[in-house]
Amino acid sequence: MSVNPLAPAWLRHPDDANALPAHVWPSSAERGADGSLLIGGVPAPALAAEFGTPLYVVDEADARSRAARTLDAFRTAFASLDADAVVYYAGKAFLCTEVVRWMLDAGLNIDVASGGELAVALAAGADPARLGLHGNNKSLAEIDRAVGVGVGAIVVDSLVEIERVAEAAVRHGRTQSVRVRINSGVHAHTHEYLATAREDQKFGIPLADAADAVARIRAHAPHLRLLGLHSHIGSQIFVVDGFLEAARRLLAVHAELLAGGDVPELNLGGGFGIAYLDSDEAPAIESIATHLAEAIGSVCAELGIPVPRIAVEPGRTIIGPAGVTLYEVGTTKDVVVTTDDGGSAVRRYVSVDGGMSDNARPALYGADYGVRLAGRSSSAEPALVRVAGKHCESGDIVVQADYLPGDVAPGDLVAVPATGAYCFSLASNYNYLARPAVVAVRDSAARVIVRGETEADLLRRDVGISEPAAPHDPAARPERITRP
């Protein structure tokens with residue numbers, strides 16, 4: 001076994017570069033008899049041939065199962081405390097009408113963070129009472145629409161929003177339920193850009209100001225109804241101690257607020273991490289729920305208060321592992337790099353037909369992913385690769401470091417797992433690339449749930465074009481690259 005000195009310390013040299021680690025890939029992922037990747041029983045080459053690449057693929061059964069499992073985990077954990085648990089799916093992770101329906105079918109509510117996300121949920125037929133609206137700067141129009149349609153909860157992020165929501169409630173003759181997002185000061189173990197409870201950042205009301213915010217809400221009764229406090233400490237978190245500390249701090253304030261009226265709920269947000277790499281060890285959702293229940297039960301007993309209804313808002317843990325992105329290799333390039341000891345080693349750049357326009361996470365905050373051949377398997381010796389996108393940015397990297405069989409070549413189909421969350425959501429048209437389609441697979445069948453864009457879609461917004469050019473579908477290529 002030859003270990004490339006350019007490989008990061010966390011990257012394991014694979015015994016088999018074709019293996020699909022179960023904790024990273026969708027539950028249905030497997031190798032077919034011909035060595036190609038199957039997801040939901042559908043061969044990756046067949047998906048690429050029909051829908052083109054890049055292509056987002058979502059294992060529908062896997063996503064539905066994770067949603068149901070999450071709800072069961074929290075309800076079971078808190079039932080032991082005679083308390084209820086509510087799970088909201090965080091739509092910002094990935095939202096389309098089909099995903100909304102999957103989540104509602106599983107018994108989850110839906111969190112939306114903009115007027116556009118609210119529109120998607122409503123278009124899917126969601127009962128507005130099962131929706132929650134987030135955002136640190138909700139527009140007056142967004143607040144008015146949310147109150148008008150009867151959204152179940154609005155998370156107020158600043159004192160000024162209390163007045164705005166109250167005015168909308170008066171205007172529509174409604175009693176609007178609200179949560180107060182609190183900046184608990186708990187620092188999550190995550191990337192700086194993913195930590196959302198630090199003191200010096202845009203989200204939430206300081207913990208010291210929570211009582212004042214609640215007093216203002218109660219002063220607007222009956223037009224506003226307090227549900228409780230809300231906390232979100234960050235994203236992609238593997239350890240539960242931050243959630244436990246945030247819960248302890250919020251429950252202390254929660255207990256004080258009970259003297260002035262009902263506080264039925266405590267919302268601890270989401271941010272639970274998933275495994276993106278073989279070396280990642282993310283906690284099971286049952287473990288998270290159990291630890292939270294034990295800690296909350298203990299703190300409530302110390303404070304002499306009943307355990308409130310608990311709400312959580314996972315998104316990534318439900319949809320992230322269910323997603324895979326398919327790419328076609330366009331070029332490969334071996335680059336000789338000087339090592340720290342003065343020697344040299346080779347890094348192979350594998351360039352694909354997508355990149356930061358379909359997955360901004362590596363460029364945005366250094367997220368790591370893995371990669372596997374999807375159109376075949378190979379017994380070739382593993383080679384260290386860096387999967388690069390096609391955009392005009394040196395930082396356009398999809399996979400910083402992983403091993404692929406050394407015979408990877410132009411025309412190969414490759415797959416990047418754990419791309420169900422925050423890839424479609426953050427997608428752009430950089431370099432005027434059309435955004436890929438999203439295809440759901442289940443029971444050996446595939447169907448489009450979000451249509452891929454065409455150049456005609458992009459040009460349609462350009463008012464300087466007098467006559468639209470003949471439509472070109474990037475997926476409708478005459479033929480795939482032929483491997484040498």
Side-chain angles (χ1 to χ4, degrees), residues 69-88 90 107-109 111 132 152-153 155-156 177-189 196-197 203-215 217-218 221 224-234 237 239-272 283-314 317:
R69 176 181 165 189
T70 301
L71 181 59
D72 181 67
F74 279 93
R75 281 184 172 172
T76 299
F78 283 92
S80 63
L81 302 173
D82 294 324
D84 192 17
V86 180
V87 177
Y88 285 79
L108 276 61
N109 292 349
D111 261 335
V155 181
V156 294
S177 295
V178 297
R179 301 184 179 100
V180 183
R181 178 157 179 172
I182 298 299
N183 187 337
S184 66
V186 174
H187 292 196
H189 300 282
T196 56
F203 291 108
I205 294 170
L207 190 64
D209 297 337
D212 177 41
V214 170
I217 290 169
R218 286 173 169 164
L224 296 185
R225 172 179 176 260
L226 177 69
L227 283 178
L229 305 180
H230 177 284
S231 171
H232 186 80
I233 63 172
I237 303 167
V239 291
V240 299
D241 55 351
F243 295 106
L244 303 182
E245 177 60 20
R248 186 188 67 78
R249 296 184 188 186
L250 265 65
L251 282 168
V253 177
H254 175 100
E256 295 174 359
L257 295 175
L258 286 171
D262 189 27
V263 189
E265 181 185 283
L266 178 68
N267 189 316
L268 295 175
F272 315 131
I285 197 67
E286 291 84 0
S287 174
I288 294 171
T290 298
H291 279 90
L292 282 175
E294 290 174 348
I296 289 171
S298 176
V299 173
C300 287
E302 292 173 7
L303 296 170
I305 61 173
V307 177
R309 178 173 64 248
I310 299 297
V312 290
E313 302 166 354
T317 51

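Everything numeric in this text was worked out from a predicted model, so none of it was measured.
- Nearest heavy atom pair, residue Gly132 against residue Tyr88, reads N-CE2, 4.0 Å.
- Between the CG atom of Leu268 and the CD atom of Glu313 there is a distance of 9.5 Å, given to the nearest 0.5 Å.
- At least one donor-acceptor pair under 3.5 Å links the side chain of His232 to the backbone N or O of Gly270.
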**Item:** Intermediate values then yes/no, side-chain contact (heavy atoms from CB on, under 4.5 Å), Arg309 and Leu227
**Value:** CA-CA 10 Å; Arg309 178 173 64 248; Leu227 283 178; 4.0 Å; yes
**Prompt:** What's the verdict on side-chain contact (heavy atoms from CB on, under 4.5 Å) for Leu108 and Leu71, showing C-alpha distance, side-chain angles and the deciding distance?
**Reply:** CA-CA 7 Å; Leu108 276 61; Leu71 181 59; 3.9 Å; yes
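- Listed by first then second residue, pairs satisfying salt bridge (Lys or Arg N to Asp or Glu O under 4.0 Å) with a partner in residues 206-215 read Asp212-Arg216, not counting sequence neighbours.
- With rounding to the nearest 0.5 angstrom, the OG1 atom of Thr317 is 9.5 Å from the CZ atom of Arg69.
- Of all heavy-atom pairs spanning Leu303 and Ala255, the tightest one is CD1-CB, 4.1 Å.
- Taking both residues in full, the closest heavy atoms of Phe78 and Ala289 are given as CE1-O, 4.2 Å, listed atom of the first, atom of the second, then distance.
- In this structure a side-chain-to-backbone donor-acceptor pair under 3.5 Å is present from Ser80 to Ala77.
- You'll find the side chain of Ile182 stays beyond 4.5 Å of the side chain of Val253, heavy atoms only.
- Taking a 6.0 Å sphere around CZ of Arg75, one finds it holds 12 or fewer heavy atoms contributed by other residues, nucleotides or ligands.
- Under the 4.5 Å side-chain criterion, counting only non-hydrogen atoms from C-beta, Leu244 is in contact with Leu292.
- Separating the CZ atom in Arg248 from the CD1 atom in Ile296 is a distance of 13.0 Å, to the nearest 0.5 Å.
- Residues Val180 and Ile205 approach most closely at CG1-CD1, 3.8 Å, considering heavy atoms.
- A heavy-atom distance below 4.5 Å is not found between the side chains of Pro308 and Glu265.
- When all heavy atoms are compared, the tightest approach of Leu207 to Arg249 is CD2-CB, 4.1 Å.
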**Asked** Passes side-chain contact (heavy atoms from CB on, under 4.5 Å), Leu229 versus Leu266? Steps please.
**Response** CA-CA 5 Å; Leu229 305 180; Leu266 178 68; 4.2 Å; yes
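- The minimum heavy-atom distance between Ala293 and Leu81, with the atom names listed, is O-CD1, 3.2 Å.
- Listed for the Ser298 side chain is no donor-acceptor partner under 3.5 Å among the backbone atoms of Glu294.
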**Request:** Go through Asn267 and Val312 one step at a time and tell me if the side-chain contact (heavy atoms from CB on, under 4.5 Å) criterion holds.
**Result:** CA-CA 6 Å; Asn267 189 316; Val312 290; 5.7 Å; no
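- Asp84 CG to Phe74 CZ: the interatomic distance, rounded to the nearest 0.5 Å, is 13.0 Å.
- Annotation: the span from His291 atom NE2 to Glu286 atom CD amounts to 12.5 Å, rounded to 0.5 Å.
- His254 contributes atom NE2, which lies 4.5 Å from atom CD1 of Ile305 (distance to the nearest 0.5 angstrom).
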